[in-house]
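Read the structure below first, then the notes.
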2 protein chains.
Amino acid sequence: MVKEKRLQHILKLLQNREMVTYDLLAGELSVSEDTIRRDIETLHNNGLLSKIRGGAMLRSENPLSFQERTTYLQGGKDVIALKAQQLIKNGQTIFMDGGSTICAIAGRLPLNSVLKVITNNQAVVQILSRIPEIEIIILGGNYDRDTATSSGTQAIYEAGKYVADLYFMGTCAIHHAFGITASLQTEGELKQAMIKSSLKTVALSNGEKLDSIEYFKVCDFSGIDVLVTDLASGDPKLNNYRAQGFQLL
Amino acid sequence: MVKEKRLQHILKLLQNREMVTYDLLAGELSVSEDTIRRDIETLHNNGLLSKIRGGAMLRSENPLSFQERTTYLQGGKDVIALKAQQLIKNGQTIFMDGGSTICAIAGRLPLNSVLKVITNNQAVVQILSRIPEIEIIILGGNYDRDTATSSGTQAIYEAGKYVADLYFMGTCAIHHAFGITASLQTEGELKQAMIKSSLKTVALSNGEKLDSIEYFKVCDFSGIDVLVTDLASGDPKLNNYRAQGFQLL
DNA sequence: AGCAAATTTGCATTAAATTGCAACAAGTGT
DNA sequence: ACACTTGTTGCAATTTAATGCAAATTTGCT
């Protein structure tokens, strides 16, 4: 049986049952548990269900309690996504820019979220389309195939037309001396515009991008209000970023 | 059997079977599996189906594929696309708005096209991404899930910032007395803006939409330069639209 | 802490996709 | 009618992906 058929089957099964287990599915679809595990990981990464120990369950309507989330979600992107989720309140307007971390957040939003999301990221548009109460506003401009984002003066200009409660800034190079930097000028300038148009800027960075530098300076630490990483709060790698005037998550 | 015939056959088969394999098709159409593979790749690139290992399935059946794209190769869409294509020259800047007919045109563009395309249609963005020498400019604004387009004052305003050689206006209600009309005000207003910003406006309409009316008036016949339909040039249905100051294709 | 179950990782096997290539057909322009 | 480009098709060699198995690691529970 082909992978896609199996994925279909798993999702269909989840419509009726609260949860499915690996061994049940393995038997039903007559493949090994490993294969099912990989299938469920795929679905999890696409935000179509939540991977839990021993199987999978439906993505919940309501946000998971913190405890549930910590037990159910794992992996770097997931950690960042769940931390970021705590910052979101229904009714808010949010900027989301490019990068896979942003997509992870979008894919983990509760299905009953009520938000207004402004984005230059086509992937985010696709992901959020599934959530009915999210109003999506697209920023226009020159489309870049590689990142699936629009950029350029047009996007920057448009970003300036809105005021958002929150800005989730996609994974970025961050350095204790040089602040936040981007690898493309157009990308960096758009980030600057979004910072300017938001009440609160949340920088997202995974462990590897900490202490790294790109060539275009976006802002120094005064520009951001929260830094979210996948590291534990006590991690020594974060020492350079403590007491810098922003919240560390 | 010609490629076009095969493509149609594959799509038709998928309507009933939800999944097809290479070897099945290879036998049925008596060509090699490689050829079928290439056919399916073509269809996949145009978003008409979802390529999976060993065959293809409907996009709507594949949980991992982005939103469904209604088959736009059927009906007279293909004929319209071919006619419209004659109007395009390399190096031009083109507006393309919403609708499946527009997608059909985008899907038929040769891979070596050199164009600048300005669009508010997400499906078009996806389809054109496969052509490297097409520069894509996205119009921002409020995103509508049903049509996969952005609209609103923002989109209208942005459209006014460009000047295009051509504007392909998606399938529209057209009537000899009431001119061109649209079913949504935002859609209609954007059409007006695009007409204003283009040197040449090409209206696309299939036979059924001829002599039909919607509630929002976009323009009368003075606003358009070419009307493309799927009907033969001698068709009596077209009599009302001859000698109206635009070219009839 | 310690045990059992679950999960990750590395690896071998097989199936499938891609690539490069040559033969061939279909147009194109002279 | 001719050579010429262009695109299509099938085949073989190579690369890549999916799958199941086993060892090593992690996790959950008592």
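Naming: A, B, ... by sequence-line order, numbering from 1 per chain. Values below: every heavy atom of this structure, side chains too, minus hydrogens, waters and symmetry copies.
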Can you list everything that forms a salt bridge (charged side-chain N to carboxylate O under 4.0 Å, His left out) with [X]? Sequence neighbours excluded, please.
X: A:K237; value: none
X: B:E133; value: none
X: B:R6; value: B:D39

Could you tell me, to 10°, how much the axis swings from one end of the helix from C:dA1-D:dT30 to C:dT30-D:dA1 to the other, five pairs per end?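 Answer rounded to 10°: the end axes differ by 50°.
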If the condition is side chain to side chain donor-acceptor pair (under 3.5 Å), which residues does [X] pass it with, not counting sequence neighbours?
X: B:S32; result: B:T35
X: A:Y241; result: A:D211
X: A:R38; result: none
X: B:T201; result: none

Pairing donors with acceptors under 3.5 angstrom, does anything connect the side chains of B:E135 and A:N142?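 Yes, side-chain donor-acceptor contact under 3.5 Å.
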Is there a donor in the side chain of B:T42 and an acceptor in the side chain of B:N45, or the other way round, less than 3.5 Å apart?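 Looking only at side-chain atoms, B:N45 and B:T42 do not form any donor-acceptor pair under 3.5 Å.
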Would you kindly give the [atom1]-to-[atom2] distance between [X] and [N], to the nearest whole Å?
X: B:K3; N: C:dA26; atom1: NZ; atom2: C1'; result: 15 Å
X: B:K51; N: D:dT16; atom1: NZ; atom2: C1'; result: 12 Å
X: B:I36; N: C:dA16; atom1: CD1; atom2: P; result: 15 Å
X: B:R37; N: C:dA16; atom1: CZ; atom2: P; result: 9 Å
X: B:D39; N: D:dT8; atom1: CG; atom2: C1'; result: 10 Å
X: A:M19; N: C:dA6; atom1: CE; atom2: C1'; result: 12 Å
X: B:D34; N: C:dA23; atom1: CG; atom2: P; result: 17 Å
X: A:E4; N: D:dT19; atom1: CD; atom2: C1'; result: 15 Å

For DNA chain D, what residues of residues 21-33 of chain B have any heavy atom nearer than 4.0 Å?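 The stretch gives B:V31, B:S32 as the residues lying under 4.0 Å from the strand, ordered by number.
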Scan nucleotides 11-15 of chain C against the protein and return all N/O pairs shorter than 3.5 Å with their distances rounded to 0.1 Å.
{"from": "C:dA15", "atom 1": "N3", "to": "B:R53", "atom 2": "NH2", "distance (Å)": "3.3"}

Given C:dT7, D:dT19, D:dT8, which nucleotide is nearest the side-chain atoms of A:R6?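 Within the option list, the nearest is D:dT19.
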Can you list every pair that meets salt bridge (charged side-chain N to carboxylate O under 4.0 Å, His left out) and has a residue in residues 94-105 of chain B, with sequence neighbours left out?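 Pairs touching residues 94-105 of chain B that pass the test: B:D97-B:K191.
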Enumerate the salt bridge (charged side-chain N to carboxylate O under 4.0 Å, His left out) contacts for residues 8-32 of chain B, please, sequence neighbours excluded, ordered by first and then second residue.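 Listed by first then second residue: A:K5-B:E18.
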For A:I40, report the nucleic acid contact type (base, sugar-phosphate, nothing); a contact means any heavy atom under 4.0 Å.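 Here A:I40 touches no strand at all.
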